[in-house]
Amino acid sequence: MVNALLRAAARLAVAVFFREVRLEEMARLRFARGARLLVAHHVNSLVDPLLIFALLPGPPRFLAKSTLWRHPVVAPLIILSDALPVYRHQDGVDVSRNLDTFASAREILCAGGTIALFPEGRSHSEPRPLPLKTGAARIALHAASDGRAPALCIVPVGIVYEDKGRFRSRVVLRVGAPIDPAPEAAAYADEGRVAVRRLTARIAAGLSEATPRGIAFPPPGERVPGLAVRALLAPAIALGVVLNWLPYHLPGWVSRILTRTPDEPATYKILTALLAFPAVWTAEATAAGIAGGPWAAVATAILAPATGYAALRFIDRVEAAG
């Protein structure tokens, strides 16, 4: 139930933040019916896992840096999603605790579950992918080599943003060809590090295929409704603008204050929006209830999000039409 609620919230956040999400090669997931290890490049902080969690079946258990468990806003989401902590030297923590994390990941895969991680090891805004860490290959080989996860597949996931920090931009999520770690697993006991490096190279190649550079984002081409339709919609759109003005602008203000690196703006915008919209809607419904009674509160609670989304879609169409 918790996963269902989190996925619903994640899908809502994705639908609001992005104008369009294109899902490509999703049929490839049908060929990875057993345990799955999802891997992706990491260029947009918490937005990358949000997209995978919201849109790919699973839901996956993520590996995340241990410092997020101390983040005042992110920690509750990390805990509720049942993520697994990764301990890094640069964070000044005991990295030997990763043995427990990798063991837990291995048990999840052996039980037919799904693990997701970002093998570059950190979010970044470099023009090219970073060299991959070997953690993904080691987790896969440990799980596959003992025979308890014979159907394990590594699934590269490509995420390409039109403009990763801009509200109402577009994104492509592409599933790469599943990678069977069986050849390296068969040699793992004898070759060890060689098998790990070989599988890591295959993962890098798979990610390269799934994340092509230069994906075209053609103009949206949405048409603005005619004059009569606009006249009918005008009251709802105006109400949506009034009820949602503050939470609509607040994420941008917070992002400009807190952002330190180019991969952070979208994360701050989405996290602020997840808190601001429900808080403002609750305050507005409460005020309406005090002024007009319980039915006014219920009406406001329904109209605030509904008219806000209608206004957002209308603005999209006006901007797309130039």
Side-chain angles (χ1 to χ4, degrees), residues 2-4 6-7 10 23-42 48-64 81-86 98-121 132-159 173-211:
V2 171
N3 272 326
L6 283 176
R7 281 167 68 82
L23 303 177
E24 298 183 352
E25 303 290 351
M26 295 293 287
R28 285 172 163 171
L29 288 173
R30 290 202 296 268
F31 296 98
R33 295 183 179 179
R36 291 187 293 218
L37 180 63
L38 306 180
V39 293
H41 288 308
H42 203 9
D48 298 328
L50 178 73
L51 285 165
I52 293 173
F53 185 79
L55 302 173
L56 295 187
R61 297 276 299 277
F62 281 91
L63 268 65
S81 66
D82 214 9
L84 302 173
V86 174
N98 284 325
L99 294 175
D100 293 333
T101 296
F102 286 179
S104 297
R106 188 163 63 250
E107 291 303 314
I108 292 166
L109 293 174
C110 289
T114 301
I115 292 288
L117 59 85
F118 301 94
E120 288 172 303
L132 302 190
K133 308 293 186 182
T134 60
R138 286 186 284 128
I139 290 172
L141 290 176
H142 276 297
S145 61
D146 65 4
R148 291 193 295 152
L152 170 65
C153 278
I154 302 170
V155 183
V157 179
I159 306 175
L173 204 72
R174 174 182 291 179
V175 177
I179 299 168
D180 182 0
E184 287 79 17
Y188 184 54
D190 297 323
E191 298 184 11
R193 293 181 181 178
V194 174
V196 169
R197 288 196 297 269
R198 193 159 57 232
L199 183 56
T200 300
R202 290 178 63 202
I203 293 172
L207 278 172
S208 180
E209 182 270 335
T211 318

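Worth knowing before you read on, the calculation uses all heavy atoms, side chains too, and leaves out hydrogens, waters and symmetry mates. For the single chain, residues carry numbers from 1 onward in sequence order.
Scored by the side-chain hydrogen bond (donor to acceptor under 3.5 Å, both in side chains) test, R106 finds no partners at all (sequence neighbours excluded).
Paired with R28 under the rule side chain to side chain contact (heavy atoms under 4.5 Å, CB included), one option of E25, E24, M26 passes, and it is E25.
Aromatic ring pairs are classed by plane angle as parallel below 30°, tilted from 30° to 60° and perpendicular above 60°; the pair H142 and Y188 is perpendicular.
Atom CZ in R198 sits 5.5 Å away from atom CD in E184 (nearest 0.5 Å). Distance CG/L63 to CZ/F102: 6.5 Å, rounded to 0.5 Å. Interatomic distance, L38 CG to L29 CG, rounded to the nearest 0.5 Å: 7.5 Å. Distance check, rounded to the nearest 0.5 Å: CD1 of I159 to CG of D48 gives 4.5 Å. How far CD1 of I203 is from CG of L207: 7.5 Å, rounded to the nearest 0.5 Å. If you take CZ on F62 and CD1 on I115, they are separated by 10.0 Å, rounding to the nearest 0.5 Å.
Under the 4.5 Å side-chain criterion, counting only non-hydrogen atoms from C-beta, L37 is not in contact with P181. Counting only heavy atoms from C-beta outward, the side chains of L56 and T114 never approach each other to under 4.5 Å. Side-chain contact between T200 and R197 is absent, with no heavy-atom pair separated by less than 4.5 Å.
R174 places no side-chain N or O within 3.5 Å of a backbone atom of T211 that could act as its donor or acceptor partner. T101 contributes a side-chain N or O that, together with a main-chain N or O of P85, makes up a donor-acceptor pair within less than 3.5 Å. Without hydrogens or angle criteria, S208 side chain to A204 main chain gives no donor-acceptor distance under 3.5 Å.
Nearest heavy atoms, V39 versus A136: CG1-CB, 4.1 Å. Taking every heavy atom of both residues into account, G176 and V155 meet most closely at O-CG1, 4.2 Å. Residues I179 and P156 come closest through the heavy atom pair CD1-CG, 3.9 Å. Here the shortest heavy-atom pairing between P119 and L117 reads CD-O, 3.5 Å. The two residues L141 and A185 have their closest heavy-atom pair at CD2-N, 3.5 Å. Taking both residues in full, the closest heavy atoms of P57 and R36 are given as O-NH2, 3.6 Å, listed atom of the first, atom of the second, then distance.
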